[in-house]
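Working notes, structure below.
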2 protein chains.
Amino acid sequence: MSLPHAILTALLERPSSGLELTRRFDRSIGYFWSATHQQIYRELGKLEQGGLIEAVPQPPSRGQRKEYLVLPAGRSELTRWVGQAQDPKPIRDPLLLRLRAAAVVGTEGLDVELQRHLVEHRRQLDEYLEIEQRDFPAGGGSGGRSGGGDRLHHLVLKGGIALETFWVEWLVEAIADLGGERPERS
Amino acid sequence: MSLPHAILTALLERPSSGLELTRRFDRSIGYFWSATHQQIYRELGKLEQGGLIEAVPQPPSRGQRKEYLVLPAGRSELTRWVGQAQDPKPIRDPLLLRLRAAAVVGTEGLDVELQRHLVEHRRQLDEYLEIEQRDFPAGGGSGGRSGGGDRLHHLVLKGGIALETFWVEWLVEAIADLGGERPERS
DNA sequence: AAGGCCATGTAAGTAGTTACATGATTGA
DNA sequence: TCAATCATGTAACTACTTACATGGCCTT
């Protein structure tokens, strides 16, 4: 049950309408928890019904913009969730699975896929690095200046950077390994 | 649609019954694609109906063991899937999300959670390292001896090791960072 | 008044999770 | 024959995805 809490977080950072939230889920929050507009609208409905958020009073008609803000109940629910015990989710990755399958049925077409993934992960890594340079310039230590919020944001970003770095390095090794295998067969 | 292909891979490695598959999904394959027995039985039914696998002839009654093996159609479907274009899944991690939420509502209870996750990831990392020592002793190069299958298996395992290493390192940094924040508030 | 875009939604389908049900076999 | 365990399944629910529908507003 992460989506409602992702939305609460986003709305606390800034009250928004559904469409604005959707856009913010295409970057920022969405970097580690993606969601489509359908999910978001549905969830906004549930959260409002549950009394965790509230639409700012406006004539609510169909094609009309609706802005939401978080109620105290929503904030305390989010606080509770942050400290709640949750087991780490096991890895669930189709690409690793495909390599395992390739060990049985052969690697045909796989090298192209690895290349594609490598390009994409490099792109994402660059994007993160740019954000880091923009939002957290120089200060490797982030040494105590500016509130804890920034420090946490940087920590999350560094998580993303390290993850993409892992993928890039692993893919480079995998591609080399796969390429080095061909000679056996020719 | 990864589960059917995970099952096909497992069945090609060794024909099995539903329960045996379930056990194998608790380790091995399950390290990067987990599944419960309910999912597995349902999917076995679909795969059989689709003509991708077949139950070895036995009087099929309810509590009776049923062994499956992969048909040619199943093997070629798996081959197709290995080379198929699939975009990398974006990161989707509740823990990173919780840090982001903590930047807004405070870090109460979070340090305990980070410790718990650290313990769990260290345990998983150790498990992987033991498997590596057992199945791929010494030969860092895995230099051409024994088929490509082993090489691919090792590659997948090294992926798991690198991922768990990432988590351990990131969590250590996060815990240190969070700890260093307290003084501001006392 | 027509087309494009902003904004909110509904509907249907797939995948995964949780709880429970049922039959077969074996050993005390 | 009772309990435990092996083995296969059903049912109900939640989360996510894909495709489509509807209304309002602005420009030409």
Side-chain angles (χ1 to χ4, degrees), chain A residues 1-8 10-11 15-26 29-30 32-50 53-68 81 86-94 97, chain B residues 1-8 10-11 15-26 29-30 32-50 53-68 81 86-94 97:
Chain A
M1 293 243 304
S2 294
L3 179 58
H5 302 96
I7 291 179
L8 287 173
L11 285 182
S16 308
S17 67
L19 192 61
E20 275 174 321
L21 275 179
T22 302
R23 293 204 216 289
R24 291 170 62 196
F25 270 79
D26 285 340
I29 296 260
F32 39 87
W33 201 272
S34 61
T36 63
H37 82 271
Q38 292 90 339
Q39 271 182 286
I40 289 170
Y41 283 119
R42 200 154 11 101
E43 201 62 46
L44 283 172
K46 283 190 208 169
L47 288 168
E48 189 178 20
Q49 248 188 307
I53 65 174
E54 171 184 71
V56 296
Q58 276 210 1
S61 73
R62 187 154 171 124
Q64 208 60 297
R65 188 191 146 87
K66 243 196 305 187
E67 179 123 346
Y68 291 95
W81 181 74
Q86 282 176 239
D87 286 334
K89 284 261 127 189
I91 304 168
R92 211 114 189 290
D93 190 276
L97 198 56
Chain B
M1 289 245 300
S2 295
L3 179 58
H5 302 96
I7 291 178
L8 287 173
L11 285 182
S16 307
S17 67
L19 192 62
E20 274 173 322
L21 276 179
T22 302
R23 292 203 216 290
R24 290 169 63 196
F25 271 79
D26 285 339
I29 296 258
F32 38 86
W33 202 274
S34 60
T36 62
H37 82 272
Q38 292 90 337
Q39 271 182 286
I40 288 170
Y41 283 119
R42 201 159 7 105
E43 201 61 47
L44 282 172
K46 284 190 207 168
L47 287 169
E48 189 178 19
Q49 249 188 306
I53 64 173
E54 169 185 73
V56 297
Q58 275 207 1
S61 71
R62 189 158 168 118
Q64 207 62 293
R65 186 191 148 85
K66 240 195 307 189
E67 180 121 347
Y68 291 95
W81 180 74
Q86 282 175 240
D87 286 335
K89 285 260 126 191
I91 304 168
R92 212 116 189 290
D93 190 276
L97 198 57

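These values consider heavy atoms only, across backbone and side chains, with no hydrogens, waters or symmetry-generated copies. Numbered from 1 within each chain, the chains take letters A, B, ... in sequence-line order.
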Subject >> Side chain to side chain, Leu97(A) and Ile29(B), heavy atoms closer than 4.5 Å >> reply: yes

Subject >> Separation of dC6(C) P from Leu21(A) CG (nearest whole Å) >> reply: 17 Å

Subject >> Distance, rounded to the nearest Å, where Tyr41(A) contributes OH and dA7(C) contributes P >> reply: 8 Å

Original post:
Do the side chains of Pro4(B) and Lys46(B) get nearer than 4.5 Å, heavy atoms only?
Top reply: no

Original post:
Could you state the CD-P distance from Glu67(A) to dC6(C), rounded to the nearest angstrom?
Top reply: 17 Å

Original post:
Taking CD1 from Ile40(A) and P from dT8(C), how many angstroms apart are they, rounded to a whole number?
Top reply: 11 Å

Original post:
Rounded to the Å, how far apart are Tyr68(B) OH and dA7(D) P?
Top reply: 14 Å

Original post:
In whole Å, what is the span from the CG atom of Leu19(A) to the P atom of dG24(D)?
Top reply: 17 Å

**OP:** Quick one, give me the B/S/- string for nucleotides 14-20 of chain D, reading 5' to 3', where B means a protein heavy atom under 4.0 Å from the base and S means that only happens at the primed atoms, P, OP1 or OP2.
**Re:** -SBBBBB

Subject >> Integer-rounded Å distance: dT5(D) P and Arg23(B) CZ >> reply: 12 Å

**OP:** Round to the nearest Å and state the distance from Gln49(B) atom CD to dG9(D) atom P.
**Re:** 12 Å

Original post:
Quick one: does Thr22(A)'s side chain have a donor or acceptor within less than 3.5 Å of a partner on Gly18(A)'s backbone?
Top reply: yes

**OP:** List for me each residue that meets ring-ring contact (aromatic ring centres under 6.0 Å, His included) alongside Trp81(B), sequence neighbours excluded, and say none if there are none.
**Re:** His5(B)

